[in-house]
S.K.: 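I am attaching a structure below and will ask some questions about it afterwards.
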Amino acid sequence: MTDETSLVLMIVLPFAGSLAVIVLPKNARNAAATLAGAVALIGLVLAAGSYRSILDRGAVRSDIQWLPTLGLDFTLRMDGFAWLFAMLISGIGFLVVIYARYYMSPEDPVPRFFSFLLAFMGSMLGVVISGNLILLVVFWELTSIFSFLLIGYWHRNASARDGARMALTITGLGGLGLLAGFLLIGHLVGSYDLDRVLASGDLIRSHGLYVPILVLVLLGAFTKSAQFPFHFWLPNAMAAPTPVSAYLHSATMVKAGVFLLARLWPVLAGTYEWFWIVGFAGMMSFVLGAYFAIFQRDVKGLLAYSTISHLGLITLLLSLGSPLGAVAAIFHMINHATFKASLFMAAGIIDHETGTRDMQRLGGLFRFMPYTATLAMVASAAMAGVPLLNGFLSKEMFFAEAIATHADSILDTAAPYAAVLGSAFAVAYSVRFIHSVFFGPLPADLPREPHEPPFFMRFPIQLLVLACLLVGIVPGLTIGPFLHTAVTAVLGSATPEYSLAVWHGFTIPLFMSVLALAGGAILYLLLKDYLARCEDGPPYLRRLRGQRVFERVVVAVSWRGARFMESRLGTRRLQPQLRLLVVVAVIAAAWPFYRLGFDPGRLTVQGADVSFAGIWAIGVLCALGAAWQAKFHRLFALILLGGAGLVTCITFVWFSAPDLALTQLLVEVVTTVLILLGLRWLPKRSTDVTPGLATTGARLRRYRDLAMAVTCGTGMTMIAYAVMTRTPPATIADFFLTKAYSEGGGRNVVNVILVDFRGFDTFGEITVLSIVALTVFALLRRFRPAPDNVAPPEQQRLQRAFDEARPYREAGDTVSDYLLIPAVIMQWLFPVIIVFAAYLFMRGHDLPGGGFVAGIALATAFILQYLAAGTRWVEDRLRVLPVNWIGFGLLLAALVGAGSWLFGYPFLTSYSGYVELPLIGSVPAASATLFDLGVFSLVLGATVLMLIALAHQSIRRLRASRIAAQGNEEIA
Amino acid sequence: MSGVIIAWSVTIAQLLLLAAMACALLRLVRGPRAQDRILSSDALYVGAMLLLLTFGIRAGSTVYFEAALVVALLGFVSTAALAKFLMRGEVIE
Amino acid sequence: MTHAADLPVWAALLTGFFLILGSTLTLLGSVGLLRFRSFYERIHAPTLGTTWGTGGVLIASMIFHSVLQSKPVLHEILIALFVTVTTPVSLMLLARAALYRDRSEGNDGVPPFEAAAESRNERRRSSNT
Amino acid sequence: MSALVPYPLLTASLLMMWVLLNGLSVGQVVLGGIIALAASLAMAALQPVKPRIRRWDMIPPLALIVLADILRSNIAVAGIILQGRRHARTSGFVMIPLELRDRTALAVLACIITSTPGTAWVEYHAGNGMLRIHVLDLIDQQAWIELIKRRYERRLMEIFE
Amino acid sequence: MEAAGHLIVMPIVLPLAAGAFLLLLDERRHVIKAVISIMSTLALMVVAIALLGSADNATASSGAATNSVYLLGNWPAPFGIVLVLDRLSALMLVLTSVLALASLAFSLARWHKAGPHFHTLFQLLLMGLNGAFLTGDLFNLFVFFEVLLAASYGLVLHGSGPLRVKAGLHYIAVNLAASSLFLIGVSLIYGVTGTLNMADLAQRIPAVPAQDRMLLEAGAAVLGIAFLVKAGMWPLGFWLPGAYSAAAAPVAAIFVILTKVGFYVLLRLSLLLFGVDAGATAGFGDAWLLFGGMATIAFGAIGVLASQAVSRLAGFSILVSSGTLLAAIGMADARVTAGALFYMVSSTLTIGAFFLLIELVERVQDPAANVLSVTMEAYSDDTQEDVADEEVGVAIPGTLAVLGICFAACGLLLAGLPPLSGFVGKFALLTAMVRPEPVADGVVVAGSTWVLVALLILSGLCALIATMRAGMQIFWAPIEGTVPRVLLLEIAPVAFLLTLCLVIAVQGGQIMRYMEATAQALHSPSGYVRDVLSAQPTPGPNAPSDK
Amino acid sequence: MELIVAIAIGVLTGSGVWLLLRPRTFQVIVGLSLIGYGVNLFIFSMGRLRANAPPVLQAGAVLNPADHADPIPQALVLTAIVIGFATTALFLVVLLVSRGLTGSDHVDGREPN
Ligand code: NA
Ligand code: NA
């Protein structure tokens, strides 16, 4: 197998395994664990197998093209540093799988757990062996996501949900920051390829964008590694199942941050900003984490704060910018992973066996589980930095670096003291852990009777503790060469000389170690009694909970703040929206004039016709009147609206547009009837409220709207005037005028445009009409009137009562008398209008008219019948099937359009010519006429459908109220 | 000569019709009640129809005729609907 | 006015006369509409426009177009016919509606409904005897 | 014949209308005939009360009378309008008992009365045949009743009944 | 003219014919209607894919006409109306049909019975969309806009109910006002240039005399506002979340493409009419789009955070997506355009899937919602087409897991997190904005671009927080043994769309290449203009008319 | 003449906009109709005003395009009238349905507080 393949397999296998595991049945514990373990083991073997190539070539690479033009390829690149991490990830992953098999309860949906775990492993491997920064971000975010799922595994538990949410929010935020930082790096370097980036350190550090890059990348790293001030998510994440903590919060997830810092160390480190930001965060995390750890009652809480502290130590080491510091940091990454993973597992065993993790409730467990206790003690000792254990070695290196001078600053001066203080705290919490769990009196009220766990649950701890010991005693033989490979991969030519010996003689670091060990022990002795009964959390800082502050901020910003902002920046009311639309449109239209000036054109008065001016005096009055009266006098406004329409229609005639006048008039009639039909269902509106009583605010709003209306009107006037007084450009109109008859076969150019030149527009237009008619129909199907509209109108009730009160009258006499004579005339008009509609239709192509006006005219004939004799009467006599007419019209238009395909012409190509008919002679025949017939049928159907659907509401209500009345009678 | 006669008479006729429409509008605005307004709007329509016919004469063309015909044949539909609404509170029962 | 120039003067004069006659009558009708004091009076006014007002203009139009096109152009008759047939519909509906409203509001000067009913009762009585 | 052409008079009138609109030619007559027939068939679907016209010859005289009356009334009403309020004038309602029952005939009467300026059809009671008209210049109620009944109703009854 | 040449018009004629035919069938024949509708949509997808293939091959084969031009009525441009197929329109067609298929399949579970003529309206909506994407004529664009809007009015109200009607009223009122603006804009442009054909306009605009230019620009600006209303730009898009969240799930899903019509037109017109060849008016409106788009992203992100209901969250994420695209147009850079196109495809599929999913997951929250809400309307007397009251679907174990996975996928896609296409899209945009080129080239990235980059990233964070909050509430809140009743027919479309998101992420290289070619063509519009204006009518001795 | 038409357009649009911003649905629908008139006239005016030159060709006459008004805006207005009619009808029904369901004829479906 080539190295490339094994690289790809290392990534692909965990994800494939994850998918395979998740489809397993819920109770397939062993199968899931076996599969997961196998995947981890294969990963370990694959990684191990490529070590030789890494030694030979420095790194193995695999390039798969993904988004080459964007500089994002699936590039994998494993050097010594990545190799070390890959080994840790798959190795500890394997151990965690074994451990989890015994830890997880049979009731849990275990396949899901292992699936997430494998996916996480894959993502983590991806982070360490990505050869492209963006790909790294991809895997980085995946680790956040899967850690979210793993932390929230027991999602019935509120603390698991909170912990998961917080972890994802913070690490997700960091990931996005990282993405931004990498984008900037890409911007500077011209590539996202890791090799090129690593080679461009000088360029980046000297550029003005260095600080933003640094801050963004650190945001990613610090959030991931739970560094101050983003540390607080980690303790909350302890709600995760313990195997998750053992894996994510010791060896992998949280290590990603410091991994990244080390990875980019050659690019970003060594500047003043780096030293300050990274150093400060590291020191704070180191000391505060350790301090907080002492006062945790929860074993896992203690370990979580300890993790923060140890990662702070690593960060601090990296901040120094010295190669030796980097070596120490990398070394401590490995050491911390081993002892912390084993400690988490031990904590899990304790929890598993006793049912609690509260150190105030635990004690004396050594008697019940001496083996586990011993292992835990060794691991704790490593954590505390006791000699002959791996923790001691890296801490020693840390002390050595702390006393060296790197930059002349307070931070540098404070480093040795902080180092000793933090280490002493570490000793104190380590001792506390061991002492309060395994020694002292046996508590009486443990939930379960403790005993040693099954062998395979302890086995992973044994291996890890063994590693701690081996590395601690013979570092040169065990970790030495591998560490060297890793360090060389990071530092390259800057790799310093360093020694992994256990004994360096009596040096200051040794003295500091002793001081820390002794100080820590004394500190624990002093605090022992207090710790046995104190509240959770450190004294003085107990109230200062980062996580609570964070949650408050998150809620304030992302919930209350967002809602406030949304209501301020937006609205759910219609009027403001329309107002905004008007304002924006006015600004948009005015802007070009503001920029380029406004030339209104010449003012012509002599051409003005007095009659025309008079016509528009009427029109203007109608329009203003309609605007004035629409609130309280709807009928009046409707009539005035009709007046304005009429004047518009006259204008069309005046300026040579007979077709428009015709259409406008017909539409006008139908619209009036339509709105009248609607008025029936609107509420009564009284004029009781006198305008004088309006509030100042309302009046101001009205003035504002008035100003806007005036602005719009003026604007339209100015623009229209400017265009009308300009010489027209050479338009496409001449083509239509010259070709209408010769090629379109019609003299009415407008109609030829509508059915031929631009028949496609008409095609769409009739579709609109049919859609609207269908919508109206659909809506009215479910129409429910307001309570005050259910009863018949007042007039009808009064007239009915009038009729009923008189012995010589039948109910309904009034209406039948009322309509008796008009109905006769209206009926006789029915055939007349039909003929008229046929006339309008036939002449359309040559003279004003056409399918549309004919359709509306015929629809009017129907409406008239409904008006005269009522819905029932008409529908008893006529088959009114408007939906079918619509369908027919639409299909006919489409078929006529498609008919031209038969002749090899594009859609809607028209045929026009003359057909010789016997007796009649030559008759113009154009396919456009058939198209127009489709239009006619559709318009008729749509208009009738809309009006009739509305009209039907009256009889529906009548029927409904009758049924309701009958129901009431039956009940009574 | 004919041209002048026609032009003048059309202009005068249009002004007279305009005055007629203006009177109708005045009544429309003044009301006082809905039936007056509806009646005036009907008168307005008739005035408009005649105005359209005068265009036919002025333009020497019959293309405006249909518009007038539409007013004559269908213009009453909206008036009738308005009137029925007044009487019955509902246009189609 | 290119077309009109071709017209014989008599036709032009006739056209002008009827045109102005029709318009004047229409205007008078509208003036009546404006000046009459009650609705029932006003309802008479527009008929001036719909009868001879329309008639005048239509005759003018017929003469003009017939002479101009040298063939009878009579379709204006249709307008006269339609107006005559349709105007009553709206006026009847409107008058009845107004009457109903006046009655239900109890306005003065409106004949009570019972007048018509009583006469029916009278007839019934007379037929009984 | 009546099955094919349910309303011959109507069909003929419609054809007439068509020809008026489109001009006279063989083609237009054929086309107009088809359309007129189709329109009459549509009318037949409405099942209106079929009017029977018995005296065709009475129609032209009535038309002439009506035209003359309208012309006269036009002048009269124009006079009233021009006089303005100087002339004392009373308007009012007149109740006319009609014997005419045919609805088509009534419709024609309505057209006549309404088209005549100065008279307006206001309400009609089908139950007792009472018609109320409004007269602009009302001097003698009885004279109006006589006028309407004699001048129009009698002739219409002859034509239709 | 060869039969294949007519393929361009099929995306318009096919749904029209299907929709019209459906009208002739009895209302209660739901099954046959559904079958016809699905068949039509499937055929549409096939046609669209074929067109995409031909559009993509056009340039590869020859340097001649790269845009297929269809002369409707056989009238030459600029006189007749033309349909123009280029990569962009083909892409939009495919996207529309894919989304349509998913929505339609979803609706067959029950929504299609919730009111009359659903399928007809749906087909006509597709007709309007396809027409808008294909037409090369400004006024014809208006007509198709109206077609799609009219159908959308009908569909947004489908199923009725107070919430829907109220939101629909706002939606309709705002869009009617916008349609007036559209007309004003188009006619003003005609008044100044004397043409309606887009290619002809592109040719005439540089020659518009200086004293007329302000009129032209005013027309274009007003027109732009009409499109921006559709695209939901702040402060013109407040109607959008309400209308979309109130609409029935399949309707909301297909509506996602509606906002993209605004984007499409703005992209097309701003590059064609005011692109590099536009002379003095080049680059008109770009700054407004950029800042307007940024404001929209910000508002959308705030809205996403502030949303209590998931459907509103989805509505606001449309605003985020829309704002992103508008800002991308404003950048007026071919690489950014390419990224924007990728982003658009991804976000359209995502939000479409999300809207469908929301209805399903809401059944998890509220088992009572298993019964269709519209059937609870007490008052419906002659609604024989009403949906039966029976609970839809059966409780399949594992449903919750599938829904959860889909929801998580949607969350990732919305937030732009890996590994799905949401990340690729966002990254494509971001990387094009910051241009990973050596600084030595002297490339300076404008300050506004950095703000945009920050907005894009932060809007992702907002989406992450909001979807996480919602998802945890739905899936992780303690519920006891309620397995929602979901049909396979309902979950399959969601899975289909999300799988597509995965596929386009994996196949990102190829797709980006297409997008880049599209963007290149858009940014050099002379080819488009040449192809349209040089298209010749079909000649022939037996021509239906001699043209 | 141009000035009169321009003022007409302005008044129609202005009145329409005023109504569009009012709270009652009926006001809005009347406003939309008025805006419709204004916009239609606006479109129409974009072809410039020509009296007595309808784009209807005389049979047998020699064609001179300059003798006829621009037919395109007329065709566009026709389409716009139809679409305007359709949308007015739709809006009317929607406002009726809204009024029925909410009991209010306020555009927001409820009276402001
Ligand atoms: Na009675
Ligand atoms: Na009279």
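Chain naming here is simple, since letters A, B, ... match the order of the sequence lines and numbering starts at 1 in each. All values below were derived from every heavy atom in this structure, side-chain atoms included, with hydrogens, water molecules and symmetry-related copies excluded.
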S.K.: Please enumerate all residues that pass side-chain contact (heavy atoms from CB on, under 4.5 Å) together with E:S187, with sequence neighbours excluded.
M.R.: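 By the side-chain contact (heavy atoms from CB on, under 4.5 Å) rule, E:S187 matches F:F42, F:I43, F:M46.
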
S.K.: What part of E:L72 gets within 4.5 angstrom of chain A, counting heavy atoms only: side chain, backbone, both, or neither?
M.R.: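 Both backbone and side chain of E:L72 come within 4.5 Å of chain A.
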
S.K.: Between E:I81 and chain A, with a heavy-atom cut-off of 4.5 Å, which part of the residue counts as in contact: side chain, backbone, both or neither?
M.R.: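 Answer is both: backbone and side chain atoms of E:I81 are under 4.5 Å from chain A.
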
S.K.: Looking at A:F139, A:Y594, A:F757, which has the largest count of heavy-atom pairs under 4.5 Å with chain E?
M.R.: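 Ranked by contacts with chain E, first place is A:F757.
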
S.K.: Is it the side chain or the backbone of E:L125 that comes within 4.5 Å of chain A heavy atoms, both, or neither?
M.R.: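 Neither part.
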
S.K.: If you tally heavy-atom pairs under 4.5 Å against chain E, which of A:E141, A:M565, A:K739 wins?
M.R.: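 Ranked by contacts with chain E, first place is A:E141.
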
S.K.: Would you mind checking which part of E:F144 comes under 4.5 Å of any heavy atom in chain A, side chain (CB onward), backbone (N, CA, C, O), both or neither?
M.R.: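 Side chain only.
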
S.K.: Go through the structure and list residues passing ring-ring contact (aromatic ring centres under 6.0 Å, His included) with A:W559, not counting sequence neighbours.
M.R.: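 Not a single residue meets the ring-ring contact (aromatic ring centres under 6.0 Å, His included) criterion with A:W559.
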
S.K.: Keeping the roles fixed (side chain from E:Y190, backbone from E:G185), state whether a donor-acceptor pair exists under 3.5 Å.
M.R.: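 Between the backbone of E:G185 and the side chain of E:Y190 there is no qualifying donor-acceptor contact (under 3.5 Å).
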
S.K.: Given a strict heavy-atom distance threshold of 4.5 Å, which part of E:I465 is in contact with chain A: side chain, backbone, both, or neither?
M.R.: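 It is the side chain, since no backbone atom gets that close.
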
S.K.: Quick one: which of A:V776, A:L908, A:L774 has the most heavy-atom pairs under 4.5 Å with chain E, could you say?
M.R.: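 Going by pairs under 4.5 Å, I would pick A:L774.
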
S.K.: So for A:W591, is it side chain, backbone, both, or neither that comes closer than 4.5 Å to the heavy atoms of chain E?
M.R.: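 Just the side chain, heavy atoms under 4.5 Å.
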
